[in-house]
Asker: 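Below you'll find the structure I mean.
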Protein chains: 2
Amino acid sequence: MRSAEFSGKNVSSPADSECPDKTEVECRQCGLFGFLQLFEGLRLDLSNRFLSRRLPVAKGDRLFAADDPFRGIYAVKSGCFKSYSVLEYQGEQISGFYLPGELLGLDAIRAGVYGYHVVALETSSVCQLPFSHIDDLQGELVSFQEQVIQVLVDQVRHDQRQTLLVGRRTAEERLGAFLLNLAERFERHGFSGGEFRLPMLQNDIANYLGLSIETVSRTLRAFREQELVSIQGKRVRILNPVCLRSITQYCATTHAGG
Amino acid sequence: MRSAEFSGKNVSSPADSECPDKTEVECRQCGLFGFLQLFEGLRLDLSNRFLSRRLPVAKGDRLFAADDPFRGIYAVKSGCFKSYSVLEYQGEQISGFYLPGELLGLDAIRAGVYGYHVVALETSSVCQLPFSHIDDLQGELVSFQEQVIQVLVDQVRHDQRQTLLVGRRTAEERLGAFLLNLAERFERHGFSGGEFRLPMLQNDIANYLGLSIETVSRTLRAFREQELVSIQGKRVRILNPVCLRSITQYCATTHAGG
DNA sequence: AGCAATTTTTGACAATTGTCAAATTTGAGA
DNA sequence: TCTCAAATTTGACAATTGTCAAAAATTGCT
């Protein structure tokens, strides 16, 4: 079975996902799983190349740097990563956090190089899907879809520039949405969304959300005082998701183009 | 030749692009052109379906609405469109402006419905690339790329939610970047980037950038006083692009993931 | 050209968030 | 457990932007 090929664990019983101290995402809930299933449909000599390797990554280690040549895509197995670019006069700008089960480096497939830096925020591990022979795969691709992908990549790029420019949310709304988003993503991959460990510093959160660290600290205190969440150290518990969601207007946006 | 099939103009000489009063994008500089070229490579019975039609659109008319079933993608030939979503308590949120040569509705291909509303800001025209038999085309698609596209679409979605949340740019930086971006896009499609007509209201700009209309007005005045731009009515001239760029830090960002 | 509606501009003031400085808490390693 | 560096919290004040109200300019229409 394929999932056993890229995970250290051979068997994962359904009961595992209930374990509160679980720290590693299961293969079936990992983003790579969908990809590997797809390779079943490709020519066998191709799919042979896509056996993935398991790698440990120490806290602070860099998984890849911007402009590194594309080596493959990664799935976070455990721990947490941040991606960032270095802006001319403003130092680093964090563009995303990656939790267990999520994919890294996908958008480098077409560019041939990674577009940003990625480092581990804590002791982590990843699975790699190496693309050393990506050129062969290209032969399988339909050019129409390449065009679609190119446009989507362009749009991602535009949206991310836009992200740097636009902001109409208050500090409360940003932080509330941030916490709910984290909870949702933990839950999607089989962890508890109601209680989890914050893998990143408030400094990183502030950078990511475009706020000062003081504002982050003060806003979290306000949430605590309203008993919306409980925070002790890195331990976060969502006490009142309904109210938090209404503060945040988290549901409001459908997706959009531009 | 294919370009003649979806444009009213049969011949467009290179000299056309120098005409200052030019108002319509040429076929070769239109986003659809790339697509149509790709269809040459597909089976003929497929490519027959992709003859596109030319449509006039009056100011204020809606090209499509959110949740309309997917009819095809559009290329703006002349005029300007805005896309927007309706947020629960905040009215409309503009997500993008579309100039001649740019594509609309691409991201609805997989969803099957459009994800936002699009209306004309002035008398405009579009070319349509109808996808009434999109299902047949699916047979040509490689599932690996579908997966890639899905992930990219998810990322676009995430980034756009992020766009609503995050903001670290001052009003000056946002407006400056906005004007430079418009200029760049006009230029890319063969218009003058140094002087152009603003197709949208300050009201729309404010909405798009997450500012109040008063701040937009005041910031534009500041630009005028510094002689960075000249603005009379809807006529915009970029007087000092170098300085404007440095205010804006427009070049700073590489692209990013998350 | 003239009128009416829309859009833009301007001023005064309020609210949110950032900045600077310093105290306190937390956590990793000896 | 202790120590020291890093991270978080807190307070006072400044800067940017939003809000409300009203005047001026522009645009579309007859």
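By convention in this document, chain letters (A, B, ...) are assigned in the order of the sequence lines, proteins followed by strands, and residues within each chain are numbered from 1. Everything quoted here is computed from the prediction, not taken from an experiment.
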Asker: Using a heavy-atom cut-off of under 4.0 Å over every strand shown, decide if Leu211(B) touches base, sugar-phosphate, or nothing.
Answerer: sugar-phosphate

Asker: So, for Tyr114(B) and Gly105(B), which heavy atoms are closest and what is the spacing to 0.1 Å?
Answerer: CE2-CA, 4.0 Å

Asker: Hey, does the side chain of Ser212(B) come within less than 4.0 Å of dT17(D)'s phosphate (OP1/OP2), counting only N and O?
Answerer: no

Asker: Is the phosphate of dT26(C), meaning OP1 or OP2, less than 4.0 Å from a side-chain N or O of Arg235(A)?
Answerer: no

Asker: Whole-Å distance between dT17(D) P and Arg169(B) CZ?
Answerer: 13 Å

Asker: Start with the C-alpha distance between Gln93(B) and Tyr84(B), add both sets of side-chain angles, then the distance that settles side-chain hydrogen bond (donor to acceptor under 3.5 Å, both in side chains), and finish with yes or no.
Answerer: CA-CA 5 Å; Gln93(B) 167 62 49; Tyr84(B) 63 95; over 6 Å; no

Asker: From C-beta outward on Ser217(A), which listed nucleotide comes closest to its side chain: dG18(D), dT8(D), dT17(D)?
Answerer: dT8(D)

Asker: Give the rounded distance in Å between these two atoms: CG of Asp204(B) and P of dT7(C).
Answerer: 9 Å

Asker: When the distance from NZ of Lys59(B) to P of dT27(D) is rounded to whole Å, what number comes out?
Answerer: 10 Å

Asker: Using ring centroids (six-membered ring only for Trp), state whether Phe196(B) and Phe191(B) fall under 6.0 Å.
Answerer: no

Asker: Mapping Lys234(A) and Arg218(A) onto DNA chain D by nearest heavy atom, which one lands closer to the 5' end?
Answerer: Lys234(A)

Asker: Find the distance Ile205(A):CD1 to dA7(D):C1' and express it as a whole number of Å.
Answerer: 12 Å

Asker: Of Glu214(B) and Met200(A), whose closest DNA chain D nucleotide lies nearer the 5' terminus?
Answerer: Met200(A)

Asker: Atom CD1 of Ile213(B) to atom C1' of dT10(C): distance rounded to whole Å?
Answerer: 12 Å

Asker: Run the side-chain hydrogen bond (donor to acceptor under 3.5 Å, both in side chains) test against Thr215(A) and tell me which residues pass, sequence neighbours left out.
Answerer: Ser212(A)

Asker: What are the two closest heavy atoms between Leu228(B) and Leu244(B), and how far apart are they?
Answerer: CD1-CD1, 3.9 Å

Asker: Rounded to the nearest Å, what distance is computed from the CG atom of residue Leu198(B) to the C1' atom of nucleotide dT8(C)?
Answerer: 13 Å

Asker: By nearest atom, which of the nucleotides dT19(D), dT8(D), dG28(D) is closest to the Leu201(A) side chain?
Answerer: dT8(D)

Asker: Start at the 5' end of DNA chain C and walk down; is the nucleotide closest to Thr215(A) or to Gln232(A) reached first?
Answerer: Thr215(A)

Asker: When the distance from CG of Asn203(B) to C1' of dT27(D) is rounded to whole Å, what number comes out?
Answerer: 15 Å

Asker: Rounding to a whole Å, what distance do you find between Arg197(A):CZ and dT26(C):P?
Answerer: 15 Å

Asker: Nearest to the side chain of Arg221(B), heavy atoms from C-beta on, is which of dT8(C), dG18(C), dT10(C)?
Answerer: dT10(C)

Asker: Taking the minimum atom-to-atom distance to the side chain of Gln202(B), which one of dA7(D), dT17(C), dT9(C) wins?
Answerer: dT9(C)

